[in-house]
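Below: the structure, in structure tokens.
Along the sequence shown, the residues carry numbers beginning at 1.
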Amino acid sequence: MSKPIYLLSLAFISSISASETRPPQAVESTSRPMEQLADTEVNAPLFLEGADLVPVGSIQLIELPSIRTAYQANLDNVLNLIPGVFAQSGEGGRQSRLSIRGSGLQNRFGGAGLQIRYNGLPLNRADGSFETQAIDPAAIEQVIAYPGGNAFHTGAAQLGGAIDFKSPTGHTREGNRLRVNGGSWQTYGASLESGYVSSEKTVDTYAILNAQWSDGFRKNSERRDLTLNTTIGWQHDERRETRLFLLASEGRLELPGGLTRAEAQADPRASLQPTIEWRRDIDDLLFGGQHSVENEDARFSFSAFAGRTEFDHPVNNPPFNFRFDDVYRNYGFQLSAERDYALGGMEHRLRLGLNFAYTESKRRGTQPVFTFPFPRADIRTDQRASQTVFSISQLTELSANTRLEYGTQLIDATRHQTNRVDPTQDFDERYRDWAPRIGLSHQLAPELEVYANYTLSYEAPRFGSIASGNNIRPQRARTIEVGTRGEAGAHRWQLGYYRSEIKDRFIFVTPPTLTVAQIENTDAHQQGIEISTQSDLNKIFSSPSDAWQVRWQNVFTWTENRFANDPVRGNNRLPIVPEFSYSSRLSFAFEERFSFEATLQGVFGSRPIDNANTAELPSYTLLHFGANYAFNERFHIYAELRNVLDRRYIATQALVDDATLVLGPNRSFSPGEPRALYLGASLGF
């Protein structure tokens with residue numbers, strides 16, 4: 001897809017050069033106050049503006065500042081202030097391991113177990129799998145996380161829930177801006193963005209072109225990312241709006257390979273194959289549109305999307321060379337309708353939703369045959385998947401302070417494979433079920449809410465689970481959640497507890513040779529506590545109008561994922577997921593000129609390396625500093641020092657079923673990034 005994205009880039013640059021030159025005051029009028037430039041703002045309000053529908057349960061909203069004060073290479077840097085969300089990249093590139101409450105975390109490459117959305121449009125393929133390569137942190141303005149069943153209204157039926165990444169519009173980022181950055185590991189890049197609003201405020205456009213290059217902190221981990229995000233919106237009148245989106249991404253990533261635990265801690269920059277090419281290259285193109293209509297008591301929305309992904313994965317490791325060349329085509333649409341009405345002396349909101357996604361893919365390549373002299377076999381596989389989710393729910397105000405939410409989802413999924421080399425691997429499966437939900441919330445005070453909900457989730461297996469002929473059953477779970485959120489003066493918080501009983505959970509089982517993992521079903525349970533707090537300390541010790549703004553944010557997560565009386569693994573903990581994780585950020589801002597922030601981040605407690613729980617990874621704590629200085633409203637510079645204490649730690653690992661049975665060294669570990677310095681500048685014009 002290289003040629004299309006470069007053509008789109010040229011069109012974007014031409015549009016900027018042809019756009020109206022905006023005076024400096026136009027940029028000034030849209031710049032945010034320094035209290036939002038200083039750090040990321042995390043909200044957990046009782047009624048959330050910007051969300052499609054506030055669920056009765058846990059929800060987190062992150063507002064990202066328009067002037068970035070940090071080098072955000074991937075989602076790890078964006079999502080670390082959301083409890084229950086785990087994002088980690090072993091190579092430091094865009095492709096992050098992403099999970100909510102541990103769902104789907106065993107996947108080393110490619111995600112599953114939750115729904116990823118871009119401006120409400122699903123980035124998942126129809127079988128539930130997804131990649132994070134196309135998500136550009138520089139093009140994100142808002143992140144909304146719906147853990148577990150709280151994503152019910154989005155059409156997500158997965159155990160993990162959903163994360164929706166919102167991009168800016170011309171209304172929120174009017175004007176032009178150039179950013180440049182550089183730093184450790186030969187990292188450098190630039191982005192150019194432009195936002196425009198017509199004089200009648202009826203049409204707005206926004207586009208950002210971002211290019212990033214880095215050698216990577218590990219040998220043989222060079223990466224290159226080029227992304228283009230554009231949107232155009234029409235406000236037909238006060239009740240009707242149409243918006244189009246285009247996302248194009250080209251990612252090139254070298255894979256340094258896994259290390260043993262001792263190797264990773266001795267030299268984080270080491271590579272398993274420093275001279276042999278291992279790559280994972282992904283090109284994405286997504287086009288979508290949304291149209292919404294509303295009146296005083298009803299709302300209707302329709303969206304449609306079409307996308308294409310090209311995936312190239314060569315691994316040259318003689319004699320076990322292989323290569324996957326995949327092409328995915330994704331299509332779908334979404335319908336939602338809401339109606340407010342009064343009945344029986346109570347107010348009600350009825351919501352209907354229909355989500356449909358279809359994916360067809362072709363895989364071509366070669367793979368080794370594990371018998372001497374290790375010949376290479378052809379791969380020619382065609383796959384088709386579809387998923388339809390119909391949801392109906394109602395939100396009822398039982399009283400002025402009490403809300404009842406109840407409804408159900410109906411899920412219909414298909415998986416079809418044609419193996420043109422080995423017809424015995426053909427299959428045609430269909431999965432159907434329903435997943436109800438009920439929740440109750442009560443406001444003890446105007447700014448204090450308690451809630452409880454019960455949700456059933458259902459997830460059909462993805463192609464990676466069943467393509468090799470395994471008899472994999474759908475994953476079902478029952479989840480109960482209770483919690484509270486509120487605000488008192490300068491403090492805002494959200495606290496929740498959940499527990500899930502999982503039937504036929506998908507787990508990865510890696511053979512002793514550390515070849516491609518297989519998937520099995522087993523019963524499991526998980527529970528956790530998620531806490532997030534935010535305090536504006538300057539409001540406690542001085543007047544809010546003082547020049548200094550001081551904010552303290554904290555996130556704490558306790559997670560326990562265990563097998564449930566598994567015949568082989570008993571009640572062992574599932575690996576990968578840390579038992580405890582936390583993030584604490586203290587930020588200072590002075591007027592509209594200077595800001596500084598310090599972030600403490602780490603994990604501790606039990607973190608097994610395998611399903612057998614034969615060993616655990618050590619805890620770690622990281623310290624990061626960031627600073628921003630504004631010469632004026634148009635020109636900013638920033639500096640970020642990551643891993644200030646230069647800690648050596650294991651960031652992530654490939655799943656191993658039993659580390660004691662691995663033949664040869666257990667090279668399944670990926671080290672975290674050593675101390676690194678990044679610098680950048682931003683100019684509005």
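A donor and an acceptor atom, one from each side chain of Tyr649 and Asn643, are nowhere located under 3.5 Å apart. For the residue pair Gln158 and Glu459, no side-chain donor N or O sits within less than 3.5 Å of a side-chain acceptor on the partner. Side-chain contact check for Ser58 and Asn150: no donor-acceptor pair (N or O, by modelled atom type) lies under 3.5 Å. Using a 3.5 Å distance cut-off with no hydrogens or angles, the side chains of Tyr328 and Asn330 do not pair a donor with an acceptor. For the residue pair Gln212 and Asp136, no side-chain donor N or O sits within less than 3.5 Å of a side-chain acceptor on the partner. Counting only N and O atoms by type, the side chains of Gln60 and Ser532 include a donor and acceptor under 3.5 Å apart.
A salt bridge does not link Arg224 with Glu222: none of the charged nitrogens is closer than 4.0 Å to a carboxylate oxygen. Contact check on Arg252 versus Asp283 returns a salt bridge, with a Lys/Arg side-chain nitrogen under 4.0 Å from an Asp/Glu carboxylate oxygen. Between Glu597 and Arg551 there is no salt bridge, since no side-chain N of the basic residue sits under 4.0 Å from a carboxylate O of the acidic one. The residues Glu131 and Arg280 are annotated as salt-bridged, a charged nitrogen and a carboxylate oxygen being separated by less than 4.0 angstrom.
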- [ ] Evaluate the side-chain contact (heavy atoms from CB on, under 4.5 Å) criterion for residues Leu226 and Leu209: first the C-alpha distance (whole Å), next the side-chain angles of each, then the deciding distance (0.1 Å), finally the verdict.
- [x] CA-CA 8 Å; Leu226 179 63; Leu209 176 65; 3.9 Å; yes
Task: Residues Arg462, Ser129; criterion side chain to side chain donor-acceptor pair (under 3.5 Å); working and verdict - done: CA-CA 7 Å; Arg462 64 190 184 99; Ser129 59; 5.0 Å; no
TODO: Carefully, step by step, assess Gln653 and Leu617 under the rule side-chain contact (heavy atoms from CB on, under 4.5 Å).
DONE: CA-CA 10 Å; Gln653 67 177 104; Leu617 292 176; 3.3 Å; yes
TODO: Apply side-chain contact (heavy atoms from CB on, under 4.5 Å) to the pair Arg125 and Phe463, showing each step before the final yes or no.
DONE: CA-CA 10 Å; Arg125 295 185 274 270; Phe463 278 121; over 6 Å; no
- [ ] Carefully, step by step, assess Arg648 and Tyr620 under the rule side-chain contact (heavy atoms from CB on, under 4.5 Å).
- [x] CA-CA 8 Å; Arg648 296 187 177 184; Tyr620 65 85; over 6 Å; no
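Closest non-hydrogen pair, Ser103 versus Gly113, comes out as OG-O, 2.9 Å. When all heavy atoms of Arg505 and Ala524 are compared, the closest pair comes out as CD-CB, 3.9 Å. Here the closest heavy-atom approach between residue Val327 and residue Glu310 is recorded as CG2-CG, 4.4 Å. Residues Ala126 and Ala357 approach most closely at CB-O, 3.6 Å, considering heavy atoms. In terms of heavy-atom proximity, Pro83 sits nearest to Thr557 at CA-OG1, 3.4 Å. Nearest heavy-atom pair, Leu655 versus Pro575, reported as atom, atom and distance to 0.1 Å: CD1-CG, 3.6 Å.
The only option from Asn119, Leu247, Ile140 that meets the side-chain contact (heavy atoms from CB on, under 4.5 Å) definition with Ser167 turns out to be Asn119. A side-chain hydrogen bond (donor to acceptor under 3.5 Å, both in side chains) with Asn554 holds for exactly one of Ser583, Ser535, Ser584; it is Ser584. Of the options Asp225, Asp284, Thr227, a side-chain hydrogen bond (donor to acceptor under 3.5 Å, both in side chains) to Gln133 is made by Asp225 and by none of the others.
Remark: Leu679 CG to Ile637 CD1 distance equals 8.5 Å, nearest 0.5 Å. Atom CG of Leu123 is separated from atom CZ of Phe130 by 9.5 Å, given to the nearest 0.5 angstrom. Rounding to the nearest 0.5 Å places CG of Asn124 at 6.5 Å from CD1 of Ile116. In this structure, CG in Asn220 is found 11.0 Å from CG in Asp215, a value given to the nearest 0.5 Å.
Taking the six-membered ring for Trp, Tyr638 and His636 have ring centres at least 6.0 Å apart.
Within the 4.5 Å cutoff, the side chain of Leu159 has heavy atoms near those of the Gln526 side chain. No side-chain heavy atom of Glu579 sits under 4.5 Å from any side-chain heavy atom of Glu560. With contacts defined as side-chain heavy-atom distances shorter than 4.5 Å, the pair Tyr206/Thr172 does not qualify. With a 4.5 Å cut-off on side-chain heavy atoms, Asn229 and Tyr118 count as touching.
Relative orientation of the Phe604 and Phe580 rings is parallel, given thresholds of 30° and 60° on the angle between their planes.
The environment of Arg279 atom CZ is dense: over 12 non-hydrogen atoms of other residues, nucleotides or ligands sit within 6.0 angstrom.
In this structure a side-chain-to-backbone donor-acceptor pair under 3.5 Å is missing from Ser500 to Ile502.
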